[in-house]
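Please read these numbers as outputs of a predicted model, since none were measured by experiment.
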2 protein chains.
Amino acid sequence: MPVTVLLVDDEPLVRAGLRAVLEAQPDIEVVGEAADGAAVIPLVRRLRPDVVAMDVRMPLLDGIEATRALLRTVDDPPRILVVTTFENDEYVYEALRAGADGFLLKRARPAEIVHAVRLIAEGESLLFPASVRQLAAEYGDAGGNRAARAVLERAQLTEREAEVLRLMARGLSNAEIATRLVVGTETVKSHVSSVLAKLGARDRTQAVIAAYESGFVAPG
Amino acid sequence: MPVTVLLVDDEPLVRAGLRAVLEAQPDIEVVGEAADGAAVIPLVRRLRPDVVAMDVRMPLLDGIEATRALLRTVDDPPRILVVTTFENDEYVYEALRAGADGFLLKRARPAEIVHAVRLIAEGESLLFPASVRQLAAEYGDAGGNRAARAVLERAQLTEREAEVLRLMARGLSNAEIATRLVVGTETVKSHVSSVLAKLGARDRTQAVIAAYESGFVAPG
DNA sequence: GCGAGCCTCCCCCGCACGGGGGAGACGATC
DNA sequence: GATCGTCTCCCCCGTGCGGGGGAGGCTCGC
């Protein structure tokens with residue numbers, strides 16, 4: 001069964017673009033569109049999409065409020081992928097706090113967009129978009145850590161996972177962490193994988209960066 | 001030809017211990033001992049050791065001053081390995097600033113001591129002793145970043161290496177860094193290796209940690 | 001002119017890492 | 001009692017990573 005997607009954006013052009021990109025994939029199906037946040041809830045109830053790709057900045061009801069409303073009022077709500085134009089849009093972080101599962105730049109390449117939808121649909125997070133952070137930093141991002149903070153708030157690491165992340169952030173290898181925690185390396189790998197998935201990090205380096213950026217660990 | 005080592009420590013017991021550990025190695029030779037910093041310079045001139053393993057806290061002339069004096073007055077000075085009892089000894093960081101090449105805990109296991117001497121002799125740095133940082137953190141290290149700061153001061157990264165480290169600290173892979181810098185991945189690997197060597201880091205994760213701890217990159 | 005340092009690229013190679021599965025044990029919750 | 005989440009451990013497998021070499025071209029300073 002294909003991944004079903006509902007597009008929510010006030011610009012028809014963007015909706016058309018997303019539709020074209022996504023429908024080119026055999027395993028992704030765009031089941032509906034909405035032009036503003038207010039129309040989302042009834043549509044979700046009727047169409048039951050797996051993923052809602054939602055713009056943040058919209059008239060009437062913005063992406064943040066729409067996200068809150070969705071999660072509050074709909075049973076078994078869809079996964080929410082926030083779409084934004086700007087790499088350092090504080091609305092995005094608000095949306096993540098509200099419960100969105102990931103975010104995506106409109107200028108992303110088609111392959112990235114497709115990848116993001118698939119990941120989100122699989123229940124993964126998409127919270128460490130390196131490209132976003134790079135761009136943000138290049139443009140003098142003064143609040144990049146807001147994103148990371150939102151990440152860890154939403155990450156919901158278990159106690160053990162948090163412990164593992166702390167040790168990763170001290171530079172320990174999986175084997176060293178295993179020794180330290182008196183468990184097998186396979187166990188550590190399992191925890192590390194969970195941490196990476198929850199943070200949306202690709203590798204341990206990115207996870208450690210997220211830990212620093214979020215204040216989960218602090219220099220000094 | 002073996003690595004020649006001069007031991008400098010005011011405690012005979014420590015000297016004897018280091019000698020026993022080091023001389024057990026076929027490729028390491030202890031060529032002399034000194035009980036305080038003042039005796040070091042003439043001994044170094046006469047014995048020309050590859051490595052001086054030097055205590056920091058000594059009567060008359062401490063390890064910091066002895067290090068400064070050595071580097072100032074001796075041509076082709078030996079590599080200096082600072083030996084310390086305490087994991088968070090600010091004298092050590094002073095010594096690193098003065099020009100020491102690495103530091104070592106007295107409580108380290110023999111294999112680690114041997115390893116440290118060999119590394120130092122080969123011209124490598126030993127500036128990211130994870131064990132030290134771990135212990136320091138466990139004991140409530142409030143100034144652990146002093147060590148890291150000293151590291152980067154001494155690391156003497158080239159412009160390119162610094163650039164690569166910055167990108168590593170943004171979570172980029174070697175391939176991504178290569179694309180960004182418009183060079184080959186082999187080139188990036190070469191720079192990364194240099195960075196790791198200069199920082200005494202074992203892998204990119206540790207390098208990124210050092211970057212954060214030193215303030216080379218900052219969260220937010 | 002010549003060397004030193006830097007940047008660039010190349011080779012081989014071992015291994016830790018991370019993805020993708022699964023599975024048993026335990027406690028809490030329903 | 002059944003279910004869920006967590007923690008634990010296991011398998012296979014591809015590959016990015018890092019160590020170990022080397023080498024050519026460039027600029028700078030002696």
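Scanning for side chain to side chain contact (heavy atoms under 4.5 Å, CB included) contacts around B:Leu18 gives B:Leu7, B:Val14, B:Ile113, with sequence neighbours left out. Take B:Asp203 and apply the side-chain hydrogen bond (donor to acceptor under 3.5 Å, both in side chains) test, not counting sequence neighbours, and it matches no residue. Under the side-chain hydrogen bond (donor to acceptor under 3.5 Å, both in side chains) criterion, B:Arg19 pairs with B:Glu33, not counting sequence neighbours. Qualifying side chain to side chain contact (heavy atoms under 4.5 Å, CB included) partners for A:Leu47, counting only residues two or more places apart in sequence or in other chains: A:Leu6, A:Val31, A:Leu43, A:Pro49. Every residue was checked against the side-chain hydrogen bond (donor to acceptor under 3.5 Å, both in side chains) condition with B:Glu23, not counting sequence neighbours, and none meets it. Residues passing the side chain to side chain contact (heavy atoms under 4.5 Å, CB included) test with B:Ser173 are A:Arg202, B:Ala175, B:Glu176, sequence neighbours excluded. Legend: residues meeting side-chain hydrogen bond (donor to acceptor under 3.5 Å, both in side chains) with A:Thr205, ordered by chain and number and at least two apart, are B:Thr205. Here B:Ser190 pairs with nothing under the side chain to side chain contact (heavy atoms under 4.5 Å, CB included) rule; sequence neighbours left out. Scanning for salt bridge (charged side-chain N to carboxylate O under 4.0 Å, His left out) contacts around B:Glu163 gives B:Arg160, with sequence neighbours left out.
Residues from residues 182-190 of chain B lying near DNA chain D, meaning a heavy-atom separation below 4.0 Å, are B:Lys189 in numerical order.
Here A:Asn174 reaches the OP1 or OP2 of C:dC17: one of its side-chain N or O atoms lies under 4.0 Å away. Look at B:Arg202 and you won't find any side-chain N or O under 4.0 angstrom from OP1 or OP2 of D:dG18. In terms of phosphate contacts, A:Thr158 brings no side-chain nitrogen or oxygen within less than 4.0 Å of OP1 or OP2 of D:dG5.
No side-chain donor-acceptor contact under 3.5 Å links A:Thr4 to the backbone of A:Glu29.
Look at CG on A:Leu165: it is 12 Å from P on C:dG18, rounded to the nearest Å.
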Footprint string (nucleotides 24-30 of chain D, 5' to 3'): B base within contact, S backbone only, - free, heavy atoms under 4.0 Å: -------
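Between B:Asp203 and B:Leu181, the residue anchored closer to the 5' end of DNA chain C is B:Leu181, taking for each the nucleotide with the nearest heavy atom.
Between D:dC7, C:dT8, C:dG18, one nucleotide has an atom nearer to the side chain of B:Arg160 than all others, and that is C:dT8. Side-chain proximity of B:Ser193 to the nucleotides D:dC7, C:dC7, D:dG18 is greatest for D:dG18.
Axis angle between the ends of the helix from C:dG1-D:dC30 to C:dC30-D:dG1, five pairs each and rounded to 10 degrees, works out to 40°.
The two residues A:Leu165 and A:Ala207 have their closest heavy-atom pair at CD1-O, 3.9 Å.
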